[in-house]
Amino acid sequence: MPAAAHALLTRYFNALNERDSRACLALLSADVLLDINQGPREQGIQAFADYLERTQRCYRESIDNLQILTEPSGQRAACEFTLSGEYLSTDDGLPDACGQSYQLTAASFFEIRDGKICRVSQHFNLPEWLAQVDF
């Protein structure tokens, strides 16, 4: 089971890097939970699709140095990675975007059920990101 979880999460992060929302959404359960860093919990495929649309409009990001750790059951996983990006369009409640570059260490935690991702919890250092983009 850990190998299947590792392969699933590799496909998820590849889809994010390719900005392929359709491929990403296909890996999620219909009732997927999304815990956004220092933000509200969202639920369901449509909420996740809306989140992807917003992030792809506001940011151009790449995920590198991905490390995936899975528990023996394959039902939970933790991932650490380097998030490099460009802030393209002003996101609600954040500083004005003008193409600022940033690079952060980030982490995501996952629950997996029946071969699909059913929870994604994203974490990064928001004050560090703000320091990099708020001139």
Student: Can you see whether Q103 engages S84 through a side-chain donor-acceptor pair at a distance of less than 3.5 angstrom?
Tutor: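 Yes.
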Student: To the nearest 0.5 Å, tell me how far S73 OG sits from I112 CD1.
Tutor: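 Rounded to the nearest 0.5 Å, the OG-CD1 separation comes out at 8.5 Å.
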Student: Just by distance, with hydrogens left out, do Q75 and E71 show a side-chain donor and acceptor under 3.5 Å apart?
Tutor: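 No, no side-chain donor-acceptor contact under 3.5 Å.
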Student: Let's go through E80 and N65 carefully: what are the C-alpha distance in whole Å and the side-chain angles of both, what is the deciding distance for side-chain contact (heavy atoms from CB on, under 4.5 Å) to 0.1 Å, and is it a yes or a no?
Tutor: CA-CA 8 Å; E80 183 180 54; N65 305 315; over 6 Å; no
Student: Test your reading of the model: is there a side-chain donor-acceptor pair from E128 to the backbone of F124, 3.5 Å cut-off?
Tutor: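 Checking the backbone N and O of F124 against the side chain of E128, no donor-acceptor pair under 3.5 Å is found.
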Student: I need the minimum non-hydrogen distance between A97 and S89, along with the two atoms involved.
Tutor: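 Scanning both residues, the minimum pair turns out to be CB-C, 3.4 Å.
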Student: How long is the span from the CG atom in D92 to the CZ atom in R54, to the nearest 0.5 Å?
Tutor: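 Spacing of CG (D92) from CZ (R54) equals 7.5 Å.
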Student: Would you say the side chain of H123 lies within less than 4.5 Å of the side chain of N37, judging by non-hydrogen atoms?
Tutor: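 Side-chain contact under 4.5 Å: yes.
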Student: Taking side chain as C-beta onward, heavy atoms only, is F81 less than 4.5 Å from D64?
Tutor: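 F81 vs D64: side chains apart.
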Student: Evaluate the criterion side-chain contact (heavy atoms from CB on, under 4.5 Å) for residue pair N17 and S62; output intermediate values, then yes/no.
Tutor: CA-CA 5 Å; N17 272 341; S62 66; 4.0 Å; yes
Student: Ignoring hydrogens and geometry beyond distance, is a side-chain donor-acceptor pair present between Q46 and D50 at under 3.5 Å?
Tutor: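 There is such a pair (donor and acceptor under 3.5 Å, judged by atom type) between the side chains of Q46 and D50.
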Student: Contact between L94 and L130 at the side-chain level, heavy atoms closer than 4.5 Å - yes or no?
Tutor: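 Contact flag for L94/L130 side chains = yes.
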Student: Could you check whether any side-chain heavy atom of I45 comes within less than 4.5 Å of a side-chain heavy atom of L28, counting everything from C-beta outward?
Tutor: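 I45 reaches L28 side chain to side chain.
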Student: Kindly indicate whether the side chain of L83, heavy atoms from C-beta on, has any atom under 4.5 Å from the side chain of I63.
Tutor: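 A side-chain contact under 4.5 Å exists here.
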Student: Looking at every heavy atom in both K116 and L8, which two are closest together, and how far apart are they?
Tutor: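 For K116 versus L8, the nearest heavy atoms are C-CD2, 4.1 Å.
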Student: Are L33 and L16 grouped together when hydrophobic residues (ILVMFWY) are joined by side-chain heavy atoms under 4.5 angstrom apart?
Tutor: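 Hydrophobic grouping puts L33 apart from L16.
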Student: Test V120 against D35 for side-chain contact (heavy atoms from CB on, under 4.5 Å), laying out the working first.
Tutor: CA-CA 6 Å; V120 179; D35 294 319; over 6 Å; no
Student: Would you compute the distance between atom CD of E61 and atom OG1 of T82 and round it to the nearest 0.5 angstrom?
Tutor: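 E61 atom CD to T82 atom OG1 measures 12.5 Å (nearest 0.5 Å).
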Student: For the hydrophobic clusters of this structure (ILVMFWY residues joined by side-chain heavy atoms under 4.5 Å, transitively), does one cluster hold both F109 and L9?
Tutor: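 Per the 4.5 Å side-chain linkage, F109 and L9 are not co-clustered.
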Student: State, to 0.1 Å, how close P95 and T90 come at their nearest heavy-atom pair, and which atoms those are.
Tutor: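 It is O-CG2, 3.6 Å.
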Student: Taking the side chain as C-beta and beyond, is there a heavy-atom pair between Q122 and Y51 under 4.5 Å?
Tutor: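 With C-beta onward as the side chain, the pair touches.
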Student: At their closest point, which heavy atom of E86 faces which heavy atom of Y102, and how far apart are they?
Tutor: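 The answer is N-CE2, 3.6 Å.
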Student: Tell me whether the rings of Y59 and Y87 are parallel (<30°), tilted (30 to 60°) or perpendicular (>60°).
Tutor: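 Parallel, since the angle between the ring planes stays under 30°.
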Student: Does any part of the side chain of R113, heavy atoms only, come nearer than 4.5 Å to the side chain of S29, both counted from C-beta?
Tutor: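 Yes, close enough: below the 4.5 Å cut-off.
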Student: Between L88 and C58, is any pair of side-chain heavy atoms under 4.5 Å apart?
Tutor: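 L88 vs C58: side chains apart.
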Student: Determine yes or no for a side-chain-to-main-chain donor-acceptor pair under 3.5 angstrom, with R19 supplying the side chain and Q56 the backbone.
Tutor: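 Such a contact is found between R19 side chain and Q56 backbone.
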Student: Tell me, with the steps shown, if L34 and Q43 meet side-chain contact (heavy atoms from CB on, under 4.5 Å).
Tutor: CA-CA 6 Å; L34 173 61; Q43 183 170 12; over 6 Å; no
Student: Minimum heavy-atom separation for I36 and E42, please, with both atom names.
Tutor: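 Heavy atoms of I36 and E42 come nearest at CD1-CG, 3.9 Å.
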Student: Can you see which heavy atom on F110 is nearest to which on C79, and at what distance?
Tutor: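 Between these two residues, the closest heavy atoms are CE1-SG, 3.7 Å.
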Student: Are D31 and R119 within salt-bridge range, i.e. N to O under 4.0 Å?
Tutor: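 No, D31 and R119 are not salt-bridged.
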